[in-house]
Student: 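Next up is a structure, given as structure tokens.
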Amino acid sequence: MIIRPYGYALWENIQKTLDAKFKATGHKNAYFPLFIPQSFLAKEEEHVEGFAPQLAVVTHGGGKVLEEPLIVRPTSETIINAMFAKWIRSWRDLPLLINQWCNVVRWELRTRLFLRTLEFLWQEGHTAHATAEEAEEEARRMLEVYREFAEEEMAIPVIVGRKSEAEKFAGAVHTYTIEAMMQDRRALQAGTSHFLGQNFAKAFEITYQTKDNRLEYVWQTSWGLSTRVIGAIIMVHGDDQGLILPPRLAPIEVVIVPIWRSDEQEAQVRKAVERVKDELRGVRYEFDDRETYTPGWKFNEWEQKGVPLRIEIGPREVEKEQVVLVRRDTGEKSITPLEGLKERIEASLVEIQKNLYSKALTFREENSYQVDDYEEFKRILEGPGGFLGAHWCGSAECEAQIKEETKATIRAIPFQEQERGKCIRCGEVSVQRVVFAKAY
RNA sequence: CGGGGUGUAGCGCAGGUGGUAGCGCGCAGCGUUUGGGACGCUGAGGUCGUAGGUUCAAGUCCUAUCACCCCGACCA
């Protein structure tokens with residue numbers, strides 16, 4: 001996957017907002033090596049097994065066969081925890097709250113742009129705590145950070161919940177997820193947060209001395225969000241005209257397209273554009289005065305790129321001291337006076353952000369079902385597809401059978417759902433509904 | 001890793017039965033244009049994925065090989 005400047009600018013905006021949230025919750029950034037000695041990975045049994053099929057392994061270095069192969073990090077639990085073991089001595093060193101922005105490699109058999117690439121960019125948080133409660137709280141806190149980010153910044157509503165044993169991260173005690181519905185009604189895991197318990201602590205001997213001088217293993221979490229979310233933004237908001245980017249993350253919030261014929265008109269329009277630029281201070285805008293393209297061509301190009309707002313300004317507007325404002329999400333055009341333009345733009349960007357969210361939410365709700373009959377369950381999945389709230393007995397057998405028969409997996413076990421019922425497949429007692437869907 | 005498909009100009013493609021490599025878009029120059037993907041003229045651009053082979057002659061036939069795409073099993 002190659003990320004060109006416009007796409008990378010989007011990722012930078014994602015990084016900027018998330019990074020601020022991490023810092024605000026007490027985390028610090030650090031960087032760990034790309035290459036990890038193979039033996040590190042082998043220390044946590046479930047973790048190796050989970051990742052073994054996906055590893056890129058370096059066998060040669062400097063023209064020689066390496067004594068111990070190096071794996072290219074698929075995630076950094078092992079190398080980070082090897083260091084945590086050295087850094088943590090006392091309860092005073094806890095909690096240790098670290099985040100890393102980096103690339104990782106997973107040797108996927110089948111790739112899909114943005115959603116499943118051999119190499120991707122992400123952030124991975126790794127924390128160590130004195131108690132299970134604190135670690136659990138941290139895992140839930142960061143899940144909440146992701147939820148808020150998805151909904152407020154990406155304008156994507158998400159289901160929050162826990163993963164089933166089959167779907168959890170290899171090495172975690174349990175995994176939390178935010179799941180979003182794409183426009184083809186499939187589910188996409190947009191971020192995850194793991195409660196690791198003491199699995200890695202025991203594998204890497206990460207211990208600390210308590211206040212009363214006992215030696216205890218730490219309790220840990222890890223959590224990540226990747227460039228996959230760019231795919232989510234495209235697939236949730238895009239339409240036949242191209243991308244529709246949420247204003248809060250869009251590299252360009254407003255594009256100004258000037259229109260003129262004569263040199264005289266050009267001079268007048270340029271002068272008016274200067275006023276518009278003044279109004280746009282603090283807004284991410286671009287003035288597209290390329291001469292080789294017609295205004296109509298530019299309209300189409302910026303629409304494809306998903307710029308939320310377009311300002312058109314030509315002789316007619318100059319004369320009346322106004323501009324034409326066009327929304328990408330609705331296509332709606334409105335005449336707006338130069339006077340007070342800033343307020344109108346800002347209000348409009350907020351409006352677009354809200355509208356994208358509510359459109360996505362409506363779509364998800366329209367394609368979510370409560371299902372109690374397995375035949376209907378199958379019918380929906382074969383037909384339109386969507387999120388299915390269904391009872392599940394909790395057995396891995398039923399989960400696997402349902403997956404085999406319908407291709408649907410348990411995307412999330414929602415928090416706080418109490419209603420009891422009967423397993424959609426076997427009819428045994430179920431304590432709550434879970435969300436089934438076909439996933440990417 | 002199995003099944004299918006495609007490699008010909010920057011991009012998208014056409015090139016039955018072997019015989020001088022083409023079209024559209026894009027690109028360059030000039031002119032006219034510019035309020036929803038402008039038009040005319042002129043022009044540049046190709047070891048036909050790669051390597052062998054058959055033939056007087058291969059984009060075309062044969063063999064091998066590589067790459068990419070799609071569909072399934074594994075995965076953020």
Student: Counting the atoms with a prime plus P, OP1 and OP2 as sugar-phosphate, which does Thr117(A) contact under 4.0 Å by heavy atoms, base, sugar-phosphate, or nothing?
Tutor: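 Since a base atom lies under 4.0 Å of Thr117(A), the category is base.
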Student: Looking only at atom P, what distance separates U55(B) and G18(B), rounded to whole Å?
Tutor: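 Result for the P pair: 15 Å, nearest Å.
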Student: Any base atoms under 4.0 Å from Pro74(A), or only sugar-phosphate, or nothing? Heavy atoms, all strands.
Tutor: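 Nothing, no heavy atom under 4.0 Å.
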Student: Using the side-chain heavy atoms of Glu303(A), tell me which of these nucleotides is nearest: G35(B), G36(B), G37(B).
Tutor: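 So the side chain of Glu303(A) is nearest to G36(B).
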Student: If pairing requires Watson-Crick or G-U wobble contacts with both distances under 3.5 Å, which nucleotide is the partner of U32(B)?
Tutor: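 Result: A38(B).
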Student: Lys298(A) NZ to G35(B) P: how many Å, rounded?
Tutor: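 Checked: the NZ to P distance equals 10 Å.
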Student: Establish, with yes or no, whether the OP1 or OP2 oxygen of U34(B) is under 4.0 angstrom from a side-chain nitrogen or oxygen of Arg261(A).
Tutor: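 Yes, such a contact exists.
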Student: Quick check: on RNA chain B, is the nucleotide nearest Gln241(A) upstream (toward 5') of the one nearest Glu119(A), or the reverse? Name the residue that is more 5'.
Tutor: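 Looking at the nearest nucleotide for each, Gln241(A) comes out on the 5' side.
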Student: Going by the side chain to side chain contact (heavy atoms under 4.5 Å, CB included) test, name the single residue among Ile71(A), Thr75(A), Thr78(A) that passes it with Phe51(A).
Tutor: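 For Phe51(A), the side chain to side chain contact (heavy atoms under 4.5 Å, CB included) check succeeds only for Thr75(A).
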Student: What interatomic distance, in whole Å, is found between P of A58(B) and the corresponding atom of A21(B)?
Tutor: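 Here A21(B) and A58(B) have their P atoms 12 Å from each other.
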Student: Heavy atoms from C-beta onward define the side chain here; which of C27(B), G36(B), G37(B) lies closest to that of Tyr293(A)?
Tutor: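 Nearest nucleotide to the side chain: C27(B).
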Student: What interatomic distance, in whole Å, is found between C1' of C61(B) and the corresponding atom of A67(B)?
Tutor: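 So the two C1' atoms sit 23 Å from each other.
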Student: With a 4.0 Å cut-off on heavy atoms, is Gly314(A) in touch with a base, just the backbone sugar-phosphate, or nothing at all?
Tutor: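 If one applies the 4.0 Å heavy-atom cut-off, Gly314(A) turns out to touch a base.
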Student: Counting Watson-Crick and G-U wobble pairs only, both distances under 3.5 Å, name the nucleotide matched with U17(B), or none.
Tutor: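 Partner of U17(B): none found under 3.5 Å.
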Student: Measure CZ/Arg270(A) against C1'/U34(B) and give the value in whole Å, please.
Tutor: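 Atom CZ in Arg270(A) sits about 14 Å away from atom C1' in U34(B).
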Student: At 4.0 Å (heavy atoms only), tell me whether Val104(A) reaches a base, stays on the sugar-phosphate, or touches nothing.
Tutor: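 Nothing: the residue Val104(A), judged by heavy atoms under 4.0 Å, touches no strand.
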Student: Of all the nucleotides listed (G37(B), G36(B), A38(B)), which has the minimum atom distance to the side chain of Thr294(A)?
Tutor: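 Comparing G37(B), G36(B), A38(B) against the side chain of Thr294(A), the answer is A38(B).
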Student: Take atom C1' in G26(B) and the same atom in A73(B), then report the distance between them in whole Å.
Tutor: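 Result for the C1' pair: 41 Å, nearest Å.
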Student: Is the distance between the ring centroids of Tyr146(A) and Phe149(A) under 6.0 Å?
Tutor: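 They do not qualify: ring centres at least 6.0 Å apart.
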Student: Which whole number of Å gives the distance between the P atom of C71(B) and that of A44(B)?
Tutor: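 Straight-line distance between the two P atoms is 42 Å.
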Student: Under 3.5 Å, is there a donor-acceptor pair between the side chain of Gln183(A) and the main chain of Gly238(A)?
Tutor: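 At least one qualifying donor-acceptor pair exists.
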Student: Establish, for the pair Arg411(A) and Trp392(A), whether the NZ or CZ atom is under 6.0 angstrom from the six-membered ring centre and no further than 45 degrees off its axis.
Tutor: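 Arg411(A) over Trp392(A) ring: no.
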Student: So, does Glu44(A) use its side chain to make a donor-acceptor pair with the main chain of Ala203(A) at under 3.5 Å?
Tutor: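 Flag not set: sc Glu44(A) to bb Ala203(A) has no pair under 3.5 Å.
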Student: Taking atom P in both A51(B) and U47(B), compute the distance separating them and give it to the nearest angstrom.
Tutor: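 Each nucleotide's P atom is 12 Å from the other's.
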Student: Would you indicate what Glu317(A) reaches in the nucleic acid, counting non-hydrogen atoms under 4.0 angstrom: base, sugar-phosphate, or nothing?
Tutor: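 The residue Glu317(A) makes base contact.
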Student: Base, sugar-phosphate alone, or nothing: which one does Phe120(A) contact when heavy atoms must sit under 4.0 Å apart?
Tutor: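 Since a base atom lies under 4.0 Å of Phe120(A), the category is base.
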Student: Determine which nucleotide pairs with C1(B), using a 3.5 Å limit on both distances of a Watson-Crick or G-U wobble pair.
Tutor: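 When the pairing criteria are applied, G72(B) turns out to be the nucleotide that pairs with C1(B).
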Student: Please determine if Lys163(A) forms a cation-pi arrangement with Tyr176(A), meaning its NZ or CZ atom is less than 6.0 Å from the six-membered ring centre and no more than 45° off the ring axis.
Tutor: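 Here Lys163(A) fails the 6.0 Å and 45° test against Tyr176(A).
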Student: For U32(B) and C69(B), measure between their C1' atoms and round to the nearest Å.
Tutor: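 Here U32(B) and C69(B) have their C1' atoms 43 Å from each other.
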Student: What's the closest nucleotide to the Glu108(A) side chain, out of G35(B), C74(B), G37(B)?
Tutor: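 In terms of side-chain proximity for Glu108(A), the closest of G35(B), C74(B), G37(B) is C74(B).
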Student: Looking at Phe40(A), does the NZ or CZ of Lys43(A) lie under 6.0 angstrom from its six-membered ring centre and within 45 degrees of the ring axis?
Tutor: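 The answer is yes; both the distance and angle limits are met.
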Student: Choosing from G36(B), A38(B), C74(B), which nucleotide comes nearest the side chain of Lys403(A)?
Tutor: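 Of the options given, the side chain of Lys403(A) lies nearest C74(B).
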Student: Which whole-number value in Å describes the distance from Asn300(A) CG to G35(B) P?
Tutor: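 These atoms are roughly 12 Å apart.
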Student: Mind checking who C27(B) pairs with, Watson-Crick or G-U wobble, both distances under 3.5 Å?
Tutor: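 Check on C27(B): paired to G43(B), both distances under 3.5 Å.
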Student: Considering every strand and a 4.0 Å limit on heavy-atom distances, what is the contact class for Leu115(A): base, sugar-phosphate, or nothing?
Tutor: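 It contacts base atoms.
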Student: Nearest whole angstrom, please: distance from the C1' of C68(B) to the CD1 of Ile2(A).
Tutor: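 Those two atoms, CD1 and C1', are 13 Å apart.
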Student: Can you say whether a donor on the side chain of Lys333(A) sits under 3.5 Å from an acceptor on the base of G35(B), or the other way round?
Tutor: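 Flag unset: no donor-acceptor pair detected.
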Student: Applying a 3.5 Å limit to both distances, which nucleotide forms a Watson-Crick or G-U wobble pair with U63(B)?
Tutor: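 Because both required distances fall under 3.5 Å, U63(B) counts as paired with A51(B).
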Student: Figure out the CD/C1' separation between Glu301(A) and U34(B), and round it to whole Å.
Tutor: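 One finds 16 Å between C1' of U34(B) and CD of Glu301(A), rounded.
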Student: Roughly, in whole Å, what's the span from CD1 in Ile256(A) to P in G35(B)?
Tutor: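 Those two atoms, CD1 and P, are 19 Å apart.
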Student: Look at all strands and tell whether Arg112(A) reaches a base, only sugar-phosphate, or nothing, counting heavy atoms closer than 4.0 Å.
Tutor: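 The answer is nothing, as Arg112(A) stays clear of every strand by at least 4.0 Å.
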Student: Determine the contact category for Lys407(A): base if any of its heavy atoms lies under 4.0 Å from a base atom, sugar-phosphate if only primed atoms, P, OP1 or OP2 are that close, otherwise nothing.
Tutor: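 Touches sugar-phosphate only.
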Student: Send over the distance from Trp260(A) CH2 to U34(B) C1', rounded to a whole Å.
Tutor: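 Atom-to-atom, Trp260(A) to U34(B), this comes out as 10 Å.
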Student: Starting at CD of Glu404(A) and ending at P of G72(B), how long is that distance when rounded to a whole Å?
Tutor: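 After rounding, the reported distance stands at 16 Å.
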Student: Is the backbone N or O of Glu346(A) less than 3.5 Å from a side-chain atom of Lys342(A), with the two atoms forming a donor-acceptor pair by type?
Tutor: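 Not at all, since once roles are kept as given, no pair shorter than 3.5 Å links the two residues.
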Student: Name the pairing partner of A57(B), where a pair is Watson-Crick or G-U wobble with both distances under 3.5 Å, or state none.
Tutor: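 None - no nucleotide pairs with A57(B), as no candidate has both distances under 3.5 Å.
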Student: Would you measure the distance from the P atom in U63(B) across to the matching atom in C13(B) and give it in whole Å?
Tutor: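 It comes out at 26 Å once rounded to the nearest Å.
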